[in-house]
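Throughout, protein chains are lettered first and strands after them, A, B, ... in sequence-line order, and every chain is numbered starting at 1.
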Protein chains: 2
Amino acid sequence: MIKNFIENANFEDTGFSYTLSLISGKYKMVILYCLMEYEVVRFNELKRYLKNISDKTLSTNLKELESDRLIIRREYPQIPPKVEYSLSDRGKSLMAVLDQLCIWGEKNKLG
Amino acid sequence: MIKNFIENANFEDTGFSYTLSLISGKYKMVILYCLMEYEVVRFNELKRYLKNISDKTLSTNLKELESDRLIIRREYPQIPPKVEYSLSDRGKSLMAVLDQLCIWGEKNKLG
DNA sequence: CCGTATCCTTGCCGATACTG
DNA sequence: CAGTATCGGCAAGGATACGG
């Protein structure tokens, strides 16, 4: 899988590069983790978990995660508005793989 | 593993965050991939594989990868100088895990 | 050949104010 | 409550010149 990336295409076209692009940035992984832990979470709830994130950044990240189909956004047409975010099946399957990175990190942390 | 990160600590302390910090940036993964493929590679050789990378960025990245003990730098005391870079065992073990991300990406790429 | 030094550009992210 | 709009800071990365 990995070993053919150089001959056949450039790095941008690899599955690895694609996967990383889904979770790049400072907060996406933490958002996914929160959704994994709490399952269904509202906007301001997420803001409290992700201490110090700005409205703009959270909003941007949620939109990207949704368009990458890792999370599901469910909007209730009411006043005041209510929106719930949760992991999609696709998002859950990604988290399973990322857990392996977590385990490697715990085992191999230096110092 | 993942599920306890919120209660026990913040995201910065997780193994996952640590692992990602090792390969963050635009080029580190590509460098590791090159070393996996070609095993022993010299500085200017890497520069040719990583089209458009600047001397400074390549130099910085190699130093960080070395201090994180993912790669090995071997210098030959001669003129003109000769330096060879290769994956450490630790680097190889990380690549094995990253391959899983690559596979997930290939399977789940949209469009 | 293998870098370092310097300056510059760019894109992510934060802060704040405002809206349906 | 759940965002959007606008402005601005800051650090990663790029371009180029130079050094051992």
**Asked** In whole angstroms, how far is the P atom of D:dT4 from the CG atom of A:N61?
**Response** 13 Å
**Prompt:** Quick one: which of D:dG3, C:dG3, D:dG14 gets closest to the side chain of B:K26?
**Reply:** D:dG14
**Message:** Nearest whole Å is fine: how far is D:dT4 C1' from A:F43 CZ?
**Reply:** 10 Å
**Request:** For B:G25 and for A:K82, find the nucleotide of DNA chain D with the closest heavy atom, then tell me which residue's nucleotide is more 5'.
**Result:** A:K82
**Request:** With DNA chain C as reference, determine whether A:N52 or A:P81 sits nearer its 5' end, using the nearest nucleotide of each.
**Result:** A:N52
**Asked** Just checking, any donor-acceptor pair under 3.5 angstrom between side chains of B:Y18 and A:E106?
**Response** no
**First encountered from the 5' end of DNA chain C, between B:L62 and A:I53** = B:L62
**Listed nucleotide nearest any side-chain atom of A:S54, set C:dA15, D:dA2, C:dG3** = C:dA15
**Asked** Would you say C:dC1 has OP1 or OP2 under 4.0 Å from some side-chain N or O of B:R48?
**Response** no
**Gap between atoms CG and C1', on B:L46 and C:dC1 respectively (whole Å)** = 13 Å
**Request:** Kindly say if B:S59 contacts the phosphate of C:dG3, meaning a side-chain N or O under 4.0 Å from OP1 or OP2.
**Result:** no
**Asked** Rounding to a whole Å, what distance do you find between B:I31:CD1 and D:dG13:P?
**Response** 10 Å
**Message:** Any salt bridge linking B:E45 with B:K47? Criterion: basic side-chain nitrogen under 4.0 Å from a carboxylate oxygen.
**Reply:** no
**Item:** Among C:dG14, C:dC2, D:dA2, the one nearest B:R42 by side-chain distance
**Value:** C:dC2
**Request:** Quickly work out the A:L58 CG to D:dG3 C1' distance and round it to whole Å.
**Result:** 10 Å
**Item:** Exam field: side chain B:R69 to backbone B:R90, donor-acceptor pair closer than 3.5 Å
**Value:** no
**Message:** Checking B:S21 against B:S24: is there a side-chain donor and acceptor pair closer than 3.5 Å?
**Reply:** no
**Message:** Rounded to whole Å, how long is the line connecting atom CZ of B:R73 with atom P of C:dC2?
**Reply:** 10 Å
**Distance, rounded to the nearest Å, where A:Y27 contributes OH and C:dC13 contributes C1'** = 8 Å
**Asked** What is the nucleic acid contact for B:Y76, judged by heavy atoms within less than 4.0 Å: base, sugar-phosphate only, or nothing?
**Response** nothing
**Between C:dG3 (P) and B:N44 (CG): distance, integer Å** = 9 Å
**Message:** Between D:dG14 and B:K56, counting only base atoms on the nucleotide and side-chain atoms on the residue, is there a donor-acceptor pair under 3.5 Å?
**Reply:** yes
**Request:** Give a yes/no answer on whether the side chain of A:R74 brings an N or O atom under 4.0 Å of OP1 or OP2 in D:dA2.
**Result:** no
**Asked** Does the distance from a Lys or Arg side-chain N to an Asp or Glu carboxylate O, for A:K28 and A:E64, drop under 4.0 Å?
**Response** yes
**Message:** Taking any heavy-atom pair under 4.0 Å as a contact, classify A:K63: base, sugar-phosphate, or nothing.
**Reply:** sugar-phosphate
**Message:** Between A:L20 and A:L32, is there shared hydrophobic-cluster membership here, with clusters defined by ILVMFWY side-chain heavy atoms closer than 4.5 Å?
**Reply:** yes
**Asked** Is the shortest side-chain N/O distance from A:Y85 to OP1 or OP2 of D:dG3 below 4.0 Å?
**Response** yes
